[in-house]
Amino acid sequence: MSDDLRAYPPRERTAEPRRSVDFAAELNAAQFKAATHPDGPLLIVAGAGTGKTRTLVYRVAHLIDRGVPPSRILLLTFTRRSAQEMLARAEKLVGHASRSVHGGTFHGTAHRLLRRFGPEGGLPGDFTILDQSDAEDLMGLSRTALGLGDKTKRFPKKETLHHVYSRHVNTDIPVGAILRDEYPRFVQLEEEFAKVFADYTQRKQQRDLVDYDDLLLYWALLLENAPAVADKIAGLYDHILVDEYQDTNVLQARILKGMCRVHRNLTVVGDDAQSIYAFRGATIRNILDFPREYHGASTVTLEENYRSTQPILDATNLLISRAEERFSKELYSRRTGGEKPWLVTAQDEQQQTRFVVDRILELHEQGIPLREMAVLFRAGYMSADLEIELTARNIPFDKWGGLKFLEAAHVKDVLAFLRVLENPRDEVSWYRLLLLMPGIGEVTARNAVQSMADLAWSHESFGRFTPPPRAREAHAALVRLLADLRAGTGDEDGRVTREIVRVRALYDDILRERYDRVEPRLSDLDQLQTIAGGYPDRATFLSALALEPPSATSDLGFGSDTEDDTLVLSTAHSAKGREWDAVFVIWAVDGWFPMARALGSEDEIEEERRLMYVAMTRARNHLAVSYPLNVYDTRRGADYSLDQVSRFLDRGVRKAFQRVTLQAVVEPAAVPDASAPPEVDLRALLRGRFGSS
DNA sequence: TTTTGAAGTCTCTCC
DNA sequence: GACTTCAAAA
């Protein structure tokens, strides 16, 4: 097991000559102040497009320039992609020294540290990471084991249980309070929740399983409760820099406190106006309270926007001015040219789609590459119609966001085989693959798992299990496959890929049996095989997959493999930190953006508003926000409803836009014969109904 | 006990 | 539209 996951996939080697950096000349005054800030806590409040990344990169460069050993700098970012990007940019400034800077997500870093120091806190060094749905499944097993799953009384679903658990761990809010706020109907069940959580925790520990929350929690607990190990871990770094600080939670703040308690060299960068992850426990309080939490902290505010034209900023400033508590800042740009953003009213979804595609082609003709354009939306499924149209018109695109690929049942199925090999105690994966086998159902699976547990999960324990007659064949096939896979030796390249090939020899037939649309699923598995080729061993592969899921799906046959000029479709969340020349925000319909189910509280609505702000501020030169009037809504029975523009685009905000109304496309056949008198005067009928003349 | 087909249930954001 | 849940058949 490699100590350092950053090595995969390998960063390309470029012989960049080191140059001396003229910080004062290459940064504006505020950026310069932040980048060259001496030791001690520093808060950088950076509005959208104000060169936040640039400042952070230069700060890293400056630290290295000052003689801080690069390997003693830790850069925590929100995605692994942004860490890589920043380090690549730092490399251009200070040469390959920056390659030794440790960069990654909180979870990725936690993983690295726990593999190394976990054993000193009683953790096994070879734990398996549970992703969210694995964790939910395990929670389900706990619920069933406690007999709370039967339908005699109403008990929350495993997803709800997990959500409450996760929120509790990440926010320190007592379970009772969470129930009161979010699930009043379950308040009386607090004790049962606690029992399930206790069982869940025990189950994880007995089976060497670690969920996402544990990664952070164990890190924090080591820092807080094991002084000797804490000194070692905190002693690894002299400087810690955190990006997107507005999206960290209480637990992450605790970790930072522990990591920095000696030197206090903590730099955090964030924008309270872009806080969009409260749903997973992030709290805006971290950034708002930073100056109080770290006495003597300096604060630098970046307000000059280098990204967008002034007309676009006028619109986004108006949008966010409606928000409640925030560090007040007014972004301005010297890019005064440019046209007002568009607010496009479409008659229906098809027309919205057609508008977006036509406009994209138009801009493309004007010389804007596809990769400089993006279409953003609130949730992954909202781009379905657009994807079909783009495919039909041969426009290549990448879709970001969502975890589709790894969530796909067939991908998880194949991974379950590998995970069982890696960790024979992985109960969740055992259930998953046992239930796949013909002749094995819930009862047999449970018996098998129980019998393996009795034999301490040894490798042979599954072979010793005596299946009922109907499952004999499946059992034998599985035993053979697992033995076969275990027999594979060495760490030669492509080993994981070959394992997947062998698993598929058994699994592909099952897949064909179970699903109707087989081809896209098979090609997902092909893709999994390819991805596996980039990893040296199974453990690294599985961990990396859980921590940094590949975003691409092969559903529609387009991908960045063949094309390098591809349009980006993305959820607003996944678009954070990115920018494009032209941005389309679609589905700006009330109930869609903001989403209807996010309207429960004022806080949720505010978060939706900030999300819309994030989406719109991605644009450099062209911004178009569109909404269809008529939405075919299957929920309300096959009917069309007349929809309203998003509440965030109120009358005042709309003034910053130019209105574009797309005319209804009338099918020739449907055009009424204007010469014929109407059969009935509908409007008069309606007026008469209310007695008005 | 497993399988199968039909009815029913939601629909999100992500490490 | 994809997945879960339920009831009845094999």
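The chains referred to below are lettered A, B, ... by the order of the sequence lines, with proteins before strands, and numbering in each begins at 1.
- Taking 4.0 Å as the cut-off between side-chain N and carboxylate O, A/Arg432 and A/Asp413 count as a salt-bridged pair.
- Residues passing the side-chain hydrogen bond (donor to acceptor under 3.5 Å, both in side chains) test with A/Glu389 are A/Arg393, sequence neighbours excluded.
- In this model, the phosphate group of B/dC14 is approached by a side-chain N or O of A/Thr571 to a distance below 4.0 Å at OP1 or OP2.
- Side-chain rings of A/Phe462 and A/His475 approach one another, their centers coming within less than 6.0 Å.
- At whole-Å resolution of the value, CG in A/Leu406 and P in B/dT13 are 14 Å apart.
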How does protein reach along nucleotides 2-9 of chain B, written 5' to 3' as B (base within reach of a heavy atom under 4.0 Å), S (only sugar-phosphate), or - (no contact)? SS------
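- The six-membered or imidazole ring of A/Phe593 lies away from that of A/Tyr627, with a centre-to-centre distance of 6.0 Å or more.
- At whole-Å resolution of the value, CZ in A/Arg472 and C1' in B/dT1 are 15 Å apart.
- Note on A/Tyr277: only backbone sugar-phosphate atoms sit closer than 4.0 angstrom, heavy atoms only; bases stay farther off.
- The interatomic distance linking A/Asn249 (CG) with B/dT13 (C1') rounds to 16 Å, in whole Å.
- Counting to the nearest Å, the P atom of B/dC10 and the CD atom of A/Glu136 are 15 Å from each other.
- Residues A/Ile233 and A/Leu223 are in side-chain contact: their nearest non-hydrogen atoms beyond the backbone lie under 4.5 Å apart.
- Remark: the A/Arg280 side chain and the B/dT13 base include no donor-acceptor N/O pair separated by less than 3.5 Å.
- Taking atom CG of residue A/Asp134 and atom C1' of nucleotide B/dC14, one finds them 15 Å apart after rounding to whole Å.
- The side chain of A/Thr79 contributes no N or O atom lying less than 4.0 Å from OP1 or OP2 of B/dC14.
- A/Arg610 forms no cation-pi arrangement with A/Tyr613, by the criterion of a distance under 6.0 Å to the ring centre and an angle within 45° of the ring axis.
- Of the two residues contacting DNA chain B, namely A/Phe78 and A/Glu604, the nearest-nucleotide position lying further toward the 5' end is that of A/Glu604.
- With rounding to whole Å, A/Trp587 atom CH2 is found 18 Å from B/dT13 atom C1'.
- Here the two rings, on A/His410 and A/Tyr507, have centers that are 6.0 Å apart or farther.
- The distance between atom CG of A/Asp524 and atom P of C/dA2, rounded to the nearest whole Å, is 13 Å.
- Distance noted for atom C1' between C/dT4 and B/dT13: 23 Å (whole Å).
- In this structure, A/Arg378 does not reach the B/dT13 phosphate: none of its side-chain N or O atoms is under 4.0 Å from OP1 or OP2.
- With rounding to whole Å, A/His163 atom NE2 is found 12 Å from B/dT13 atom C1'.
- Taking every side-chain heavy atom of A/Tyr381 into account, B/dC12 is the closest of B/dT13, B/dC10, B/dC12.
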